[in-house]
Number of protein chains: 2
Amino acid sequence: MKKVTINSVASYAGVSKKTVSRVLNNEPNVSDATREKVLKVFKELDYTPNPIARGLAQNRSFIIGCLYDNPSKSYITRVQTGALAACHELNYNLLIHPCELRGEELISNIEQLIQTSRLDGIVLTPPFSDFPELVSFLKSKKIPYARVASAVLEDDSISVRSNDEQGAFEITEHLIKLGHKEIAFIKGHPDHSATEQRFKGYRRALASNGIEFDERLVEEGNFSYHSGVDSARTILDLNPRPTAVFASNDYMAAAVLKLATQMQLRVPDDISIAGFDNAPIARHIWPGLTTIAQPVEEMTQQAVKQLITHIGEPQESPYQVTLEAKLITRESTAAIK
Amino acid sequence: MKKVTINSVASYAGVSKKTVSRVLNNEPNVSDATREKVLKVFKELDYTPNPIARGLAQNRSFIIGCLYDNPSKSYITRVQTGALAACHELNYNLLIHPCELRGEELISNIEQLIQTSRLDGIVLTPPFSDFPELVSFLKSKKIPYARVASAVLEDDSISVRSNDEQGAFEITEHLIKLGHKEIAFIKGHPDHSATEQRFKGYRRALASNGIEFDERLVEEGNFSYHSGVDSARTILDLNPRPTAVFASNDYMAAAVLKLATQMQLRVPDDISIAGFDNAPIARHIWPGLTTIAQPVEEMTQQAVKQLITHIGEPQESPYQVTLEAKLITRESTAAIK
DNA sequence: TGATATTATGACACCGGTGTCAGATTAGGA
DNA sequence: TCCTAATCTGACACCGGTGTCATAATATCA
């Protein structure tokens with residue numbers, strides 16, 4: 001039951017360490033006979049190369065970090081799922097690192113993370129994806145990074161996003177087509193670039209349908225359920241009350257629904273409610289929320305895959321892709337009566 | 001901007017590598033003067049030891065794995081939060097590993113994980129905590145492990161749990177004290193040991209209050225929202241309809257609430273609903289769910305901390321603790337009319 | 001067939017730490 | 001003051017891989 005190392009394999013196969021190493025890494029200049037001999041020994045001895053030794057020799061950790069600061073657990077796990085899929089595929093490990101964007105010493109926190117864990121790269125998820133201080137820090141330190149769901153496209157970094165503006169446009173237009181004209185809007189957290197994008201989409205839909213934008217219908221939220229409750233209170237107390245509410249995410253939409261229900265309002269008969277993200281809660285409440293679904297796993301997976309693939313080889317034209325967001329209609333929106 | 005290694009520190013401080021290493025690890029037999037000299041150089045050069053090199057020398061990875069297979073995203077993130085806290089404290093990294101208990105080749109999947117990532121230990125979360133095949137595999141391979149929220153206490157492994165049986169007892173008794181006698185019960189997933197425990201607590205509460213157990217009031221669920229919908233349909237169609245439903249977790253309870261609302265039943269006036277876990281959804285719906293809160297982060301943190309602390313030193317009497325679960329009453333339960 | 005180019009292989013240093021052990025230094029006691 | 005014990009310190013091998021380079025084996029061509 002001794003440990004199987006490259007040395008045992010080498011002596012067992014009657015070749016040098018280096019030759020075994022060549023076979024391991026599919027390097028050329030190994031005769032077919034030797035290669036097969038070594039491969040057979042791999043199987044016989046059930047050999048797995050030690051990534052730590054390899055890492056030391058190559059000055060790599062085979063670990064990438066995933067940064068997030070998000071109140072939505074479902075979003076986080078979706079991000080993780082995508083990142084893990086990519087890591088798995090490319091024999092990397094994922095280090096999750098929740099931390100606060102506005103926390104003390106964010107930069108030095110990240111610096112320490114990179115130093116102590118020797119990360120080979122970092123995936124930034126919202127709201128970090130568009131946080132200039134962090135991005136420029138990583139760039140200055142030459143830490144490879146990729147950005148998920150960023151709104152701002154810098155021209156020299158990997159970025160995979162979906163179109164928030166367009167999604168918000170579509171769901172707003174969906175409400176408009178149902179006859180709604182007074183559509184309240186609840187903004188997300190100001191640190192997230194999606195907040196601005198979704199607001200833009202909302203305004204564009206109004207404008208392109210000839211509905212005048214009314215500032216009084218806009219509330220500031222922060223993506224949390226709690227903030228949704230506050231915003232909902234203000235909105236539902238308006239006189240006249242808007243006939244529809246579009247909240248920038250599903251948690252806030254759920255909060256509107258809760259408050260509306262408490263106020264004996266019937267959804268969607270008395271008021272339509274729309275959300276964003278297609279979080280689990282959107283289908284766990286009654287009525288189910290009309291919302292926008294983004295391919296979060298897919299985005300993250302692509303971003304991480306690109307990140308890992310291009311570690312150590314700076315690209316001329318980095319991977320920048322925008323994926324589709326999709327309108328999902330459920331019971332919380334209906335035609336105005 | 002050269003790399004700072006133990007060698008640079010050593011030559012800069014005018015001592016040997018080994019002495020630097022001693023200072024790093026707080027080993028004895030270093031004179032105060034030397035120690036301080038080296039410490040000063042650490043600061044001046046901003047030295048961070050390379051965990052990969054250290055790992056190679058000590059045949060460790062400073063990584064522990066966290067296994068889960070859970071439909072509840074909030075549970076997963078709570079587990080992660082606790083595990084990360086412990087890892088952080090002890091300079092370890094956490095490798096998350098979602099996988100299916102009933103998936104193909106679970107054991108070889110785990111074996112490969114351990115082999116390729118050279119994990120120093122593993123935390124098992126439900127339903128793995130009480131999965132005998134896995135536990136005995138780890139034991140046979142001498143992989144250190146700790147179990148979170150396990151029901152079965154083997155006498156030689158680290159285990160931190162909370163009392164599911166007692167929690168279920170309390171919430172059932174809460175319903176009974178509100179005057180309910182026909183209390184339906186929705187079971188969880190059979191692979192989770194909590195399922196049996198919660199059911200036991202329910203029955204014990206009935207028994208100790210002189211209420212006869214009625215098998216027709218028990219439905220099989222699997223902790224998913226969806227399964228809750230199915231169970232709810234059966235229960236709410238019963239004639240006479242039970243006056244309360246205790247679902248084994250909040251997702252299923254939310255499903256009962258959704259269906260009840262769709263059926264125009266008023267909660268809690270017409271029917272009381274109770275859940276378990278205190279998931280976010282419990283307070284994101286209206287009425288909020290009466291439920292049981294478990295200290296998931298705390299459990300996991302303690303388990304991981306013990307695990308890491310005792311890597312490489314088998315214990316005589318391992319850490320086994322049961323933490324308190326707490327009844328949280330919200331609007332979904334009320335006295336019978 | 002011999003000279004040369006190409007391919008295959010291994011010896012050895014190295015990555016950045018830790019473990020072992022011997023030797024140097026200091027402290028303690030007679 | 002000298003001898004012994006305790007404390008410091010460093011030389012060196014080692015962990016398990018990879019990179020460099022020299023050399024051996026084979027292929028190519030004249």
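We name chains A, B, ... by the order of the sequence lines, and we start the count at 1 in each one. These numbers come from the heavy atoms of this one structure, side chains and all, not from hydrogens, waters or symmetry mates.
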Minimal non-hydrogen separation, B:V123 against B:L307, with atom names:
N-CD2, 4.1 Å

Measure CG/B:N50 against C1'/C:dT18 and give the value in whole Å, please.
13 Å

Give the residues of residues 24-43 of chain B touching DNA chain C, defined as any heavy atom closer than 4.0 Å, sorted by residue number.
B:N25

For A:S117, check side chain to side chain contact (heavy atoms under 4.5 Å, CB included) against everything at least two apart and list the hits.
A:L95, A:L113, A:L119, B:N93

Output yes when at least one side-chain N/O atom of A:T19 is less than 4.0 Å from OP1 or OP2 of C:dG10, else no.
yes

I need the residues from residues 52-62 of chain B with at least one non-hydrogen atom less than 4.0 Å from DNA chain D; give them sorted by number, or say none.
B:L56, B:A57

State, to 0.1 Å, how close A:I107 and A:E133 come at their nearest heavy-atom pair, and which atoms those are.
CD1-O, 3.9 Å

Where B:R118 and A:T48 come nearest, the two heavy atoms and their spacing
NH2-O, 2.6 Å

Would you say that more than 12 heavy atoms from the other residues, nucleotides or ligands in this model lie under 6.0 Å from the CD of A:E27, or not?
yes

Tell me whether B:T322 contacts the main-chain N or O of B:S162 through its side chain, where contact means a donor paired with an acceptor under 3.5 Å.
no

Figure out the CD1/P separation between B:I6 and C:dC14, and round it to whole Å.
17 Å

Under 3.5 Å, which N/O atoms of the protein pair with N/O atoms of nucleotides 20-24 of chain C?
none

B:S21 side chain N/O closer than 4.0 Å to the phosphate oxygens (OP1, OP2) of C:dG17?
no

Mind checking ring-ring contact (aromatic ring centres under 6.0 Å, His included) for B:F137 and listing every partner two or more places apart, or none if nothing turns up?
none

Check whether any side-chain N or O of A:N109 sits under 3.5 Å from a backbone N or O of A:E105 as a donor-acceptor pair, and report yes or no.
no

Check: A:S8 side chain, A:V4 main-chain N or O, donor-acceptor pair, under 3.5 Å:
no

Could you pull out all residues at least two apart from B:I76 that satisfy side chain to side chain contact (heavy atoms under 4.5 Å, CB included)?
A:T77, B:Y68, B:N70, B:Q80

With a 4.0 Å cut-off on heavy atoms, is B:V15 in touch with a base, just the backbone sugar-phosphate, or nothing at all?
sugar-phosphate

Look at the side chain of B:K3 and decide which nucleotide, out of C:dG17, C:dC15, C:dG10, has an atom nearest to it.
C:dC15

Atom OH of A:Y319: over 12 foreign heavy atoms under 6.0 Å:
yes

Quick one: label A:P51 by what it contacts on the DNA or RNA (base, sugar-phosphate, nothing), any heavy atom closer than 4.0 Å.
nothing

Length of the CZ-P vector between A:R118 and C:dG16, whole Å:
9 Å

